[in-house]
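Written below as structure tokens is the structure these notes are about.
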Amino acid sequence: MTSVSCAAVQPYNSYGSNGRGASIGTGVSVENKKEYLTLRDLAEELKRSSKGSVPQDYMVKEEERPSIKHDEFDELPVIDLALVDKDRGELARQLGEAAREWGFFQIVNHGLSVDDLDEIQAQGMKFFELPAEIKLKLGMQGYFGDNTKVKRSSLHWAEGWMLRYHPDNQVEEKIRVIFPEGNDKLRDALNKFCSATEALNELILELLAEHLGLGTKFFSRHLNSQRSVALRLNYYPACPQPLSVLGANGHTDGSSLTFLLQDKVGGLQTHRDGQWFGVRPIEGALVINVGDALHAWSNGLFKSVLHRVVVNAEVDRLSFAAFMNVDNSLALSAPDELVDEDHPRLYKPFTFADYVQQVLRARAEEKDNSNTMMDGNRLLAGLRYDSQSKGED
Ligand SMILES: O=C(O)CCC(=O)C(=O)O
Ligand SMILES: [Fe+2]
């Protein structure tokens, strides 16, 4: 895979800059930004020195500032996957309704135990706790958190580590960059999370197809050797001014489905009926959301919902996201079964590569760093039949 298609795996997290750069602004007492190589270093310094304030560059616009705190939650559907053996039809109904109504849901009894999840998170946290010089060895392609360069990730008050899992599993190779002698525990943790979520992805795509009355393999048939999976570890250090920053700006994912393991802290928020709602951390659960690819493929029936991350002043937060993407060349065309007079075909058939072009075009046109740029509805607008769009050429 080329680096472009690697970027394609998750447009929000992988493309371009949020334009804010990472230089230390006027608001911080820190003179030399190079002393604080990573965001974690800067956050640690702010924790130590009570006079420090968040650099201007990290502050978000007034209208984007969080109004709901990291520990205020709404109830998303929680779906018990153990139903698969008892009543597959009922499980398909629950998943389908959640994907249509909410675009976000949580699953329990999915096969990864609480101990497995704790171990995965412990290994992930150890990565972010490494000295800056070691993390920086990964370079700007996959590690987001270098404070000395213009920030290339749209994630904001966050460090991130992005690796490809399919095709060609980069886990071992990337681990060797930071641990030349290898690190079996970290490798096993990352591989376990990805392989388990890949299997769950296949099952859930099958159940969602069944819910829509399509052949079981309608969405999952592309999961062959060309399938595309990326892993992202997100680390959000505690921030002394949590209401002035965002851990992640509002965005949708480009995936078909995204599987998220969040820790106990909370901070993920979804947009619903014009408001933001916090996603409650549930021990042992995984959060799943529909991405832009599945939204378009289901003729808009499944929702790709805007989400963001808020941070807090007390405690760092960690999350693992596995993005289940579609192959660049796969034509995403809604099946005839989902099209009738009341549900006209919304999108022209497009490939994921076309979608990536849309994202790049939108980013190039981005003038004001507005977070709505990352809204799938806007990104996909040029691919709609009813658009007057510039996206047709
Ligand atoms: O950390 C989270 O809760 C969400 C992260 C996210 O949305 C992403 O990485 O795309
Ligand atoms: Fe996301």
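The chain is numbered in sequence order, starting from 1. Since the structure is predicted, the reported quantities are computational estimates derived from the model, not experimental observations. Every number for a ligand or one of its atoms is a count from 1 in the order of the listing.
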Among the N, O or S atoms of D253, the one nearest the Fe ion (ligand 2): OD1

Going by atom types alone, do H343 and D340 pair a side-chain donor with an acceptor below 3.5 Å? yes

Would you say D354's side chain and T351's backbone share a donor-acceptor pair under 3.5 angstrom? yes

Is the closest basic N to carboxylate O distance between [X] and [Y] below 4.0 Å?
X    : Y    : result
E206 : R88  : yes
E159 : K135 : yes
K137 : E133 : no

Is ligand 1 under 4.0 Å from a heavy atom in the side chain of D253, in the backbone, in both, or in neither? side chain

I need the contact type for L260 against ligand 1. Using non-hydrogen atoms and a strict under-4.0 Å cut-off, is it side chain, backbone, both or neither? side chain

Hey, which of V311, N234, V309 is the one that makes side-chain contact (heavy atoms from CB on, under 4.5 Å) with R317? V309

Please list, in number order, the atoms of ligand 1 under 4.0 Å from a heavy atom of [X].
X    : answer
Y236 : 1 (O), 2 (C), 4 (C), 5 (C)
S319 : 1 (O), 2 (C)
F323 : 8 (C), 9 (O), 10 (O)
V309 : 1 (O), 2 (C), 3 (O), 4 (C)

With the threshold set at under 4.0 angstrom, would you say H307 reaches ligand 1 through any of its heavy atoms? yes

Is H251 close enough to touch ligand 1? Criterion: a residue heavy atom under 4.0 Å from a ligand atom. yes

Could an N or O of ligand 1 be found under 3.5 Å from any N or O of N234, whether backbone or side chain? yes

Provide the closest heavy-atom pair for F193 versus L231 in the form atom of the first, atom of the second, distance. CD2-CD1, 3.7 Å

